[in-house]
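One structure is given here, and the rest of the page talks about it.
Counting starts at 1 for both ligands and their atoms, in listed order. Side chains are part of it too, since the values below use all heavy atoms of this structure and drop only hydrogens, waters and symmetry mates.
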Amino acid sequence: MNSKEKHTQLIKTEAKRLGFLSCGISKAEFLEEEAPRLEKWLNNHMHGEMQYMENHFDKRLDPTKLVEGSKSVISLLLNYYPSEIQKEPFAPKISKYAYGTDYHFVIKEKLKKLLNFINDEIGEVLGRAFVDSAPVLDKAWAAKSGLGWIGKHSNLLTQQVGSFYFIAELIIDLELVYDNPVTDHCGSCTACLDACPTQAIAKPYVVDGSKCISYFTIELKNEIPESVKGHFDSWMFGCDICQDVCPWNRFSKPHNEPLFNPHHELLSMTKKDWEEITKDVFNKIFQKSAVKRTKFSGLERNIKFLKE
Ligand code: B12
Ligand code: SF4
Ligand code: SF4
């Protein structure tokens, strides 16, 4: 085994030990195939009011422009599939990814540990850790590194565990052994396209972000347009529909990250509880949660939108 192979194996073994579902590695280089797709997506205004998607076009497509001297993109998946979901059938719904502690905090800690491990066990490397926090095309890198394929709903998925996981990266200046992409297993299935209540999946593999319930309930700062009233199927924060109907998610397995467990009251709150939620209860239930992104006023707006 040469040193590149040894380093690669050490990193992948440590990633598993830290609780990541899987780890795949690609050469840090310009994402040629993605460039015209991202450009078209932006030109078609599929980012809606997510201004940040317009920034750093070149860096988003080329990690060597983001982290100078970088050689490798190490992609990591972290499972968030819960063992239990909201119990009340009429309660407004929260996406499973936001049940527990904000994933940015949880993953950043693990990435720091992995970077320290590399520095201690392999040698000093220059690198940065990313989790949804910078202009990086997370899904494209994970797919390139063989961690799954990008499905027709535009999320990364695998035959073994479906798609309920986060994607993060370490971009470092160490050469490693690179992985190959896996094949697409969507076949003739159209379950996600058929189920999307706002027709946000414009065509297979392309999601119009500006029409997605996740965008309306989390990203949109203004009022939610009347035109989508009655189409949210009770989702008040994010939306899991296209993933819930995906046949590969029958193979999702519960996570084992205690920090992702919800506050004990969250799963049993009734429709009435949500409609009467106060700022104090919000702060208690969502103490360190990603739901804080929409703030109390945002969640209130979403609940009101479902009610009217
Ligand atoms: C902006 C954003 C959103 C926007 C826009 C969604 C989108 N599809 O882009 C909104 C707010 C709607 C959103 C919603 C959600 N998001 Co989001 N989001 C992002 C973010 C910040 C950037 C994504 C991006 O670059 N979009 C730009 C467009 C151009 O990229 P794209 O959709 O991936 O488009 C690609 C494909 O269309 C493909 N393509 C185009 N044509 C063709 C043709 C063929 C044949 C093929 C194969 C591919 C292909 O090429 C494009 C470029 O790579 C990432 C984090 C990150 N930094 O990457 C998280 C991220 C994608 N989101 C994530 C999650 C979990 C969600 C939600 C599930 C949350 C929820 N439950 O509410 C939903 C899912 C909605 C959906 N079906 O996509 C995870 C996905 C994990 C996974 N398993 O894939 C990410 C990676 C965050 C993370 N780090 O974990 N999100
Ligand atoms: S998350 Fe919901 S609204 Fe967005 S594309 Fe999937 S099914 Fe459609
Ligand atoms: S629901 Fe079907 S088409 Fe959509 S991502 Fe899953 S397998 Fe692919």
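- Here the heavy atom of the protein found nearest to atom 6 (Fe) of ligand 2 is C242 SG, 2.4 Å.
- Below 3.5 Å of separation, one finds no N or O of Y80 facing any N or O of ligand 1.
- Residue-level proximity to ligand 1 for C242 is carried by the side chain, the only part with a heavy atom below 4.0 angstrom.
- Of the protein's heavy atoms, C186 SG, 2.3 Å lies nearest to atom 8 (Fe) of ligand 3.
- Listed by number with element, the atoms of ligand 2 under 4.0 angstrom from any heavy atom of T198 are 3 (S).
- Counting only heavy atoms, the protein never gets under 4.0 Å from atom 79 (C) of ligand 1.
- Note on ligand 1: M46 sits outside its first shell, no heavy atom being nearer than 4.0 Å.
- The part of W41 lying near ligand 1 is the side chain, judged by heavy-atom distances below 4.0 Å.
- Heavy-atom contacts of C239 reach the following atoms of ligand 1: 70 (C), 71 (N), 72 (O) (cutoff under 4.0 Å).
- Metal site remark for atom 6 (Fe) of ligand 3: C246 contributes an N, O or S atom at a distance under 2.8 Å.
- At a heavy-atom cutoff of 4.0 Å, ligand 3 is contacted by the side chain of P247 but not by its backbone.
- Residue-to-ligand polar distances keep Y97 apart from ligand 1: every N/O pair is separated by 3.5 Å or more.
- Inclusion of I218 in the set of residues having an N or O under 3.5 Å from an N or O of ligand 1 is not warranted.
- Contact analysis leaves I150 out of contact with ligand 1, as no non-hydrogen atom separation drops below 4.0 angstrom.
- Annotation: atom 4 (Fe) of ligand 3 to nearest protein heavy atom, C192 SG, 2.4 Å.
- For ligand 1, one of its N or O atoms has an N or O atom of L156 under 3.5 Å away.
- Residue Y165 approaches ligand 1 through these ligand atoms, each under 4.0 Å from one of its heavy atoms: 81 (C), 82 (C), 83 (N).
- For the pair E34 and ligand 1, the shortest N or O to N or O distance falls below 3.5 Å.
- The Q243 neighbourhood of ligand 1 comprises atoms 68 (C), with distances under 4.0 Å to a heavy atom of that residue.
- Those atoms of ligand 1 with a heavy atom of F166 less than 4.0 angstrom away are 90 (O).
- By the 3.5 Å distance cut-off applied to N or O atoms, E219 is not counted among the residues near ligand 1.
- Distances from atom 76 (C) of ligand 1 to the protein include at least one heavy-atom value under 4.0 Å.
- Ranking protein heavy atoms by distance to atom 7 (S) of ligand 3, first place goes to W248 CD1, 3.6 Å.
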Trace of the ring pair (Phe, Tyr, Trp, His ring centres under 6.0 Å) decision for F305 with F232: CA-CA 9 Å; F305 185 78; F232 277 18; 5.1 Å; yes
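- A 6.0 Å sphere centred on CZ of F90 holds no more than 12 heavy atoms belonging to other residues, nucleotides or ligands.
- Classification of K113 and E14 as a salt-bridged pair fails, no side-chain N sitting under 4.0 Å from a carboxylate O.
- Ranking the protein heavy atoms by distance from atom 2 (Fe) of ligand 3 puts C189 SG, 2.3 Å first.
- At least one heavy atom of D240 sits closer than 4.0 Å to an atom of ligand 1.
- The ligand atoms of ligand 2 that sit less than 4.0 angstrom from a heavy atom of I241 are 7 (S).
- Taking distance alone, with nitrogen or oxygen atoms compared against 3.5 Å, Y103 stays at or beyond that limit from ligand 1.
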